[in-house]
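Heavy atoms only: backbone and side chains are in, while hydrogens, waters and symmetry mates are out. Values in this document were obtained by computation on a predicted structure and should not be read as measured data.
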Amino acid sequence: MQPFAPSTPMATSLRRPSFTACSSSLLDADDEGVRGPCEDATLCKRFAVSIGYWQDPCIPHLVRLSKARKAPEINRGYFGHVHSVSQLIKAFLRKTGCNCQILNLGAGMDTTFWRLKDEDLLPSKYFEIDFPMIVMRNLHSIKLKPLLSKPILDLHSEDTLQMDGHTLDSTRYAIIGADLRDIPELEEKLKKCNMNTQLPTLLVAECVLVYMTPEQSANLLKWAANSFETAMLINYKQKERLLSSGWESASAVDMVELYSKLPRAEVSRYGIESLEFLDEMELLDLEITFLATFSLPSFF
């Protein structure tokens with residue numbers, strides 16, 4: 001990967017970085033069965049944001065608003081999901097004084113980096129990893145949308161950004177196109193983007209493991225357990241798998257309990273529960289009964 005040189009026709013300065021085309025072999029490597037749910041999840045979040053469940057000024061720049069209205073229980077479920085993961089991430093950042101790194105595995109079109117930047121809670125470096133096709137789409141959005149590109153450029157301390165058609169590496173943020181099932185490739189690309197195995201590391205793998213075979217996901221978890229001096233992992237429904245893959249401890253909290261512990265001001269009749277009428281509350285229980293499982297050796 002070569003440093004960006006501002007001599008290309010598409011760019012005349014660092015503020016307008018160029019992107020090269022992704023090869024057809026990379027496109028063929030993507031799995032449509034994974035890209036579809038990624039798109040669906042982002043569309044659900046985009047709709048929930050559009051009617052006021054939470055604030056996210058960046059997500060409209062990554063995905064268009066769907067004309068199809070989402071059911072209230074889906075919107076509240078996504079609110080609980082996003083808020084709960086966000087609170088775990090922030091707890092890790094505060095515990096480490098932000099002297100840490102975050103690896104978002106199967107990040108999709110996530111906006112956590114920009115939300116943390118707005119709250120002055122960025123780690124030493126934030127990494128996103130997903131299929132090259134998804135990363136190429138995100139890079140296109142970053143290139144065209146100043147709201148996405150400016151925070152990255154403002155934090156970058158070098159004269160040039162490291163980028164190609166499916167990777168961007170800056171001082172505080174990297175987005176990498178890689179197949180999580182190919183551990184040697186993943187590790188090589190992360191090291192090229194200055195991953196530091198000595199830093200406390202938070203790995204976020206929300207739902208990506210369910211799209212792998214048990215052997216593939218176990219290999220990824222074992223790599224994560226053995227690669228970092230201190231690490232925590234946030235994931236759904238994987239407690240026993242974590243323990244069998246070398247993690248020291250794992251705790252599970254189901255989303256019904258997490259939802260019940262969300263700030264009452266946000267979910268009360270004056271908050272998100274006032275946005276839409278939900279007649280059958282048991283539908284919400286069905287929507288949010290997935291697990292948030294996280295492994296945290298000695299952090300909390």
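Inter-residue side-chain proximity for Asn219 and Arg181 is flagged as unmet; no heavy-atom pair is nearer than 4.5 Å. Residues Thr167 and Leu139 have side chains not in contact (no heavy-atom distance under 4.5 Å, counting atoms from C-beta outward). Side-chain contact between Leu155 and Tyr173: absent, with no pair of heavy atoms (C-beta onward) separated by less than 4.5 Å. Contact annotation: the side chain of Tyr78 never approaches that of Lys70 to less than 4.5 Å [non-hydrogen atoms, C-beta and beyond]. Side-chain contact between Arg76 and Tyr53 is present, with at least one heavy-atom pair separated by less than 4.5 Å. Residues Ile183 and Gln216 are not in side-chain contact: their nearest non-hydrogen atoms beyond the backbone lie 4.5 Å or more apart. In this structure, Leu180 and Met212 have side chains that are in contact, with non-hydrogen atoms separated by less than 4.5 Å. Residues Val63 and Arg137 have side chains in contact (heavy-atom distance under 4.5 Å, counting atoms from C-beta outward).
From Ile176, atom CD1 reaches atom CG of Leu186 across 7.5 Å, with rounding to the nearest 0.5 Å. Rounding to the nearest 0.5 Å places NE2 of His81 at 10.5 Å from OG of Ser86. The line from CG of Leu105 to CD1 of Ile234 is 11.0 Å long, rounded to the nearest 0.5 Å. Between atom OG1 of residue Thr112 and atom CD1 of residue Ile102 there is a gap of 8.0 Å, rounded to the nearest 0.5 Å. Atoms CD and CG, on Gln101 and Asn194 in that order, are 10.0 Å from each other to the nearest 0.5 Å. Rounding to the nearest 0.5 Å places CG of Asn104 at 8.5 Å from CG of Asp130.
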- Query: Which is it for Leu103 and Leu202 under the side chain to side chain contact (heavy atoms under 4.5 Å, CB included) test, yes or no, and what are the steps along the way?
  - Reply: CA-CA 6 Å; Leu103 274 61; Leu202 174 63; over 6 Å; no
- Message: Met232 vs Leu203, test: side chain to side chain contact (heavy atoms under 4.5 Å, CB included). Steps then yes/no.
- Response: CA-CA 6 Å; Met232 169 179 165; Leu203 300 107; over 6 Å; no
- Query: Would Arg115 and Cys58 count as a side chain to side chain contact (heavy atoms under 4.5 Å, CB included) if you check the C-alpha gap in whole Å, the side-chain angles of each, and the deciding distance to 0.1 Å?
  - Reply: CA-CA 8 Å; Arg115 288 186 279 123; Cys58 291; over 6 Å; no
- Using the side chain to side chain contact (heavy atoms under 4.5 Å, CB included) rule, take Leu153 and Leu161 through it: C-alpha gap first, then chi angles, then the decisive distance, then the call. CA-CA 8 Å; Leu153 291 162; Leu161 281 175; 3.4 Å; yes
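Judged by distance alone, with hydrogens and angles left aside, the side-chain atoms of Trp114 form a donor-acceptor pair with the main-chain N or O of Leu148 at under 3.5 Å. Under the 3.5 Å distance criterion, the side-chain polar atoms of Arg172 are matched with a main-chain donor or acceptor of Ser124. Put simply, the side chain of Thr201 gets close to the backbone of Leu199: a donor and an acceptor are under 3.5 Å apart. Judged by distance alone, with hydrogens and angles left aside, the side-chain atoms of Thr96 form a donor-acceptor pair with the main-chain N or O of Leu93 at under 3.5 Å. In this structure, the side chain of Glu187 does not engage the main chain of Pro184 through any donor-acceptor pair within 3.5 Å. Between the side chain of Lys45 and the main chain of Met109, no donor-acceptor pair closer than 3.5 Å is present. Distance alone, capped at 3.5 Å, is enough to place a donor-acceptor pair between the Asn138 side chain and the Gly108 backbone. Judged by distance alone, with hydrogens and angles left aside, the side-chain atoms of His156 form a donor-acceptor pair with the main-chain N or O of Thr171 at under 3.5 Å.
Across all non-hydrogen atoms, the minimal contact from Leu243 to Trp247 is CD2-O, 4.0 Å. Between Phe47 and Arg69 the shortest heavy-atom distance is CZ-CG, 3.3 Å. Heavy atoms only, all atoms of each residue included: Ile152 and Ser170 are closest at CG2-OG, 3.5 Å. Shortest non-hydrogen contact noted between Arg46 and Pro60 is NE-CA, 3.4 Å. For Cys100 against Pro200, the heavy-atom pair with the smallest separation is CB-O, 3.1 Å. Here the shortest heavy-atom pairing between Trp54 and Ala48 reads CZ3-CB, 3.6 Å.
For the pairing with Asp169, the side chain to side chain donor-acceptor pair (under 3.5 Å) check across Lys189, Lys192, Lys125 returns one residue only, Lys125.
Using the six-membered ring where Trp is involved, Phe228 and Trp223 have ring planes that are perpendicular, over 60° apart on the 30 and 60° scheme.
When the side-chain contact (heavy atoms from CB on, under 4.5 Å) test is applied to Arg241, the partners found at least two apart in sequence or on another chain are Leu209, Pro214, Ser217, Leu221, Gln238, Ser245.
A single hydrophobic cluster is not seen to contain both Ile59 and Leu147; linkage of ILVMFWY side chains at heavy-atom distances under 4.5 Å, directly or through other members, places them apart.
The local environment of NZ in Lys191 is sparse, with at most 12 non-hydrogen atoms from other residues, nucleotides or ligands closer than 6.0 Å.
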